[in-house]
Amino acid sequence: MSEETKNGLEAAETASQEAMEQIVSLKKGDTVKGTIVKIEDNQAYVSIGYKYDGVIPIRELSSVHLDNAAEAVQVGQEVETKVVSIDDEKERLVLSKRAIDSENAWDELQKRFDSQETFEVTVADVVKGGIVADVGVRGFIPASMVERHFVEDFSDYKGRTLRVKVKELDRENNKVILSQKDVLDEEFEANKLKVMGELKEGEVIEGTVQRLTQFGAFVDVGGVDGLVHVSEIAWSHVDKPADVLSEGDKVKVKVLKVDPEKGKISLSIKAATPGPWETAADQFHTGDIVSGEVKRLVNFGAFVEIAPGVEGLVHISQISHKHIGTPQEVLKEGQTVQVKVLDVNPGEKRVSLSIKETEEAPAPAPRSEKPSKGSSVRKEDLGDNPNVSLSNQGLSITLGERFGDKLSKLK
């Protein structure tokens with residue numbers, strides 16, 4: 001027998017003895033390490049140096065639901081498992097990777113919870129009310145803790161990698177709550193402070209319309225939302241932001257105010273564009289006749305818009321050739337009228353207008369005839385009044401003649 005063969009036999013005998021020792025000592029509950037040698041749909045086979053391979057059922061591969069064993073392990077991967085059962089007669093050795101992963105996970109999760117560490121997880125399943133990730137144990141991310149914004153459908157989240165923090169930990173009840181929203185909120189606040197520190201009041205920048213509300217539009221300016229109040233959207237009156245803006249619109253905005261303490265940014269779209277009064281002097285001249293819309297009626301007149309953002313006053317005396325008590329007698333809001341420009345003062349943002357000067361004045365009413373000086377009055381027209389006398393100089397009435405009888409009684 002050669003020396004080489006002799007050494008080989010000795011090595012085989014030693015390995016056999018070690019295997020026999022392992023066979024004798026292997027029992028339920030033991031922790032053993034092995035290598036994945038084969039994967040089927042619902043189980044994986046592990047070589048642990050035993051006389052036959054162990055099997056990990058799909059339910060023992062992970063703490064979360066799996067459709068296929070290949071989702072949890074790969075051939076050649078080293079795994080640590082716990083012996084669930086041994087049946088040498090049937091040569092069946094059942095192992096659990098999930099049991100070991102769970103035992104190791106709690107200490108690690110506690111450290112991450114205490115330090116509020118951010119770590120990555122892969123979405124394993126989408127369930128009612130949120131999504132699930134395998135973190136050694138079943139980690140649940142409620143729908144409200146997935147994103148900073150509302151998400152209606154999570155069906156495409158399976159397989160995604162998320163960055164999360166441990167939000168809640170309860171080992172006794174096997175409960176682990178994770179949150180990606182907390183991570184995103186922290187990053188948002190950090191970026192917000194950075195952006196707000198760089199913004200300068202008065203500068204004009206480009207932004208994207210993110211959300212529309214009744215009172216204004218929120219515009220993203222570098223990852224931070226600023227508010228454009230409805231009064232700052234356009235030079236003309238805007239009832240609802242949705243009437244003139246859409247989510248996703250690119251707009252130029254002027255920074256009105258930055259308040260880092262309150263975390264608020266005030267923006268203006270209209271201030272980033274030339275104002276209508278800047279061009280009013282070139283657009284309108286004294287004597288021009290233009291069309292306009294009656295915007296408001298007040299006691300002293302009517303405000304008529306002759307261009308977007310340019311309103312002029314038609315004083316009540318300039319509304320009609322006939323006397324009116326209130327503008328409402330002849331005008332109504334929303335009515336289109338022709339007006340004449342009487343005066344333009346862009347500096348004071350004031351235009352004086354007239355409606356009646358665009359209309360032809362009515363013909364004067366006929367006047368009643370009065371007796372002229374020196375004309376005669378017929379006696380029959382005066383009746384029998386004793387205090388009236390007629391002469392060739394005309395009609396005269398004296399105090400003596402009028403009150404003579406009464407004065408004589410006082411003597």
Side-chain angles (χ1 to χ4, degrees), residues 118 141-154 162-165 167 179-280 293 295-296 303 305-311 333-334 346-350:
T118 298
I141 310 176
S144 61
M145 297 183 187
V146 178
E147 304 285 357
R148 296 188 70 244
H149 57 273
F150 173 74
V151 178
E152 185 174 356
D153 184 10
F154 290 99
L162 305 181
R163 291 172 301 121
V164 299
K165 288 188 174 188
K167 185 78 172 179
S179 173
Q180 178 179 244
K181 182 176 180 294
D182 284 5
V183 176
L184 299 177
D185 282 345
E186 280 187 7
E187 292 177 348
F188 174 80
E189 290 302 323
N191 182 63
K192 185 175 182 178
L193 291 175
K194 178 177 178 293
V195 172
M196 293 182 77
E198 295 172 349
L199 287 177
K200 295 180 177 60
E201 293 182 5
E203 71 175 323
V204 176
I205 55 179
E206 187 175 84
T208 305
V209 177
Q210 292 294 315
R211 288 184 296 123
L212 298 175
T213 67
Q214 288 293 329
F215 56 85
F218 286 93
V219 176
D220 183 329
V221 285
V224 179
D225 289 350
L227 174 64
V228 180
H229 190 268
V230 65
S231 62
E232 292 293 335
I233 290 178
W235 289 104
S236 56
H237 177 72
V238 175
D239 286 324
K240 294 184 299 181
D243 291 340
V244 293
L245 293 174
S246 299
E247 292 181 2
D249 284 353
K250 299 290 184 182
V251 292
K252 285 191 177 296
V253 292
K254 185 174 184 177
V255 180
L256 301 181
K257 187 177 181 181
V258 180
D259 190 341
E261 290 185 5
K262 294 183 179 178
K264 293 182 178 180
I265 302 171
S266 298
L267 305 171
S268 174
I269 294 176
K270 76 176 185 181
T273 59
W277 289 100
E278 296 177 35
T279 57
E293 180 183 343
K295 289 294 186 180
R296 289 177 294 138
F303 286 95
E305 185 180 62
I306 56 175
V310 178
E311 288 186 5
E333 293 181 359
E348 296 183 7
K349 296 182 179 180
R350 188 178 64 203

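Small disclaimer: the values here were computed from a predicted structure and weren't measured. These values consider heavy atoms only, across backbone and side chains, with no hydrogens, waters or symmetry-generated copies.
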Please report the closest heavy-atom contact between [X] and [Y], naming both atoms and the distance.
{"X": "Gly263", "Y": "Lys192", "answer": "O-NZ, 2.8 Å"}
{"X": "Phe188", "Y": "Arg148", "answer": "CD2-NH2, 3.4 Å"}
{"X": "Pro276", "Y": "Pro308", "answer": "CB-O, 3.1 Å"}
{"X": "Glu311", "Y": "Phe303", "answer": "OE1-CB, 3.7 Å"}
{"X": "Ser246", "Y": "Leu212", "answer": "CA-CD1, 4.1 Å"}
{"X": "Pro241", "Y": "Val238", "answer": "N-CG1, 4.1 Å"}

When rounded to the nearest 0.5 angstrom, what distance separates [atom1] in [X] from [atom2] in [Y]?
{"X": "Asp185", "Y": "Gln180", "atom1": "CG", "atom2": "CD", "answer": "10.5 Å"}
{"X": "Glu147", "Y": "Lys181", "atom1": "CD", "atom2": "NZ", "answer": "10.5 Å"}
{"X": "Lys240", "Y": "Ile233", "atom1": "NZ", "atom2": "CD1", "answer": "12.0 Å"}
{"X": "Asp225", "Y": "Arg211", "atom1": "CG", "atom2": "CZ", "answer": "6.0 Å"}
{"X": "Glu261", "Y": "Met196", "atom1": "CD", "atom2": "CE", "answer": "10.0 Å"}

Heavy-atom side-chain proximity of [X] to [Y] below 4.5 angstrom:
{"X": "Ile269", "Y": "Leu245", "answer": "yes"}
{"X": "His237", "Y": "Asp239", "answer": "yes"}
{"X": "Ile265", "Y": "Val219", "answer": "no"}
{"X": "Lys295", "Y": "Glu333", "answer": "no"}
{"X": "Leu267", "Y": "Leu227", "answer": "no"}

Determine whether a donor-acceptor pair (N or O, by modelled atom type, separation under 3.5 Å) exists between the side chain of Trp235 and the backbone of Lys270. yes

Under 3.5 Å: donor-acceptor pair, side chain of Glu232, backbone of Ser268: no

Show your working on side chain to side chain contact (heavy atoms under 4.5 Å, CB included) between Arg163 and Leu184 and close with a plain yes or no. CA-CA 9 Å; Arg163 291 172 301 121; Leu184 299 177; 4.0 Å; yes

Would you say Lys167 has more than 12 foreign heavy atoms packed within less than 6.0 Å of its NZ? no

Which pairs count as side-chain hydrogen bond (donor to acceptor under 3.5 Å, both in side chains) when at least one residue sits in residues 196-208, sequence neighbours excluded? Lys194-Glu198, Thr208-Lys250

For Asp153, enumerate each residue passing the side chain to side chain contact (heavy atoms under 4.5 Å, CB included) test, keeping only those at least two apart in sequence or located in another chain. Ser155

Check side chain to side chain contact (heavy atoms under 4.5 Å, CB included) between Glu348 and all other residues, then give those that pass, not counting sequence neighbours. Asn345, Arg350

Would you sort out whether Thr118 and Val164 count as a side chain to side chain contact (heavy atoms under 4.5 Å, CB included), showing the intermediate values? CA-CA 6 Å; Thr118 298; Val164 299; over 6 Å; no

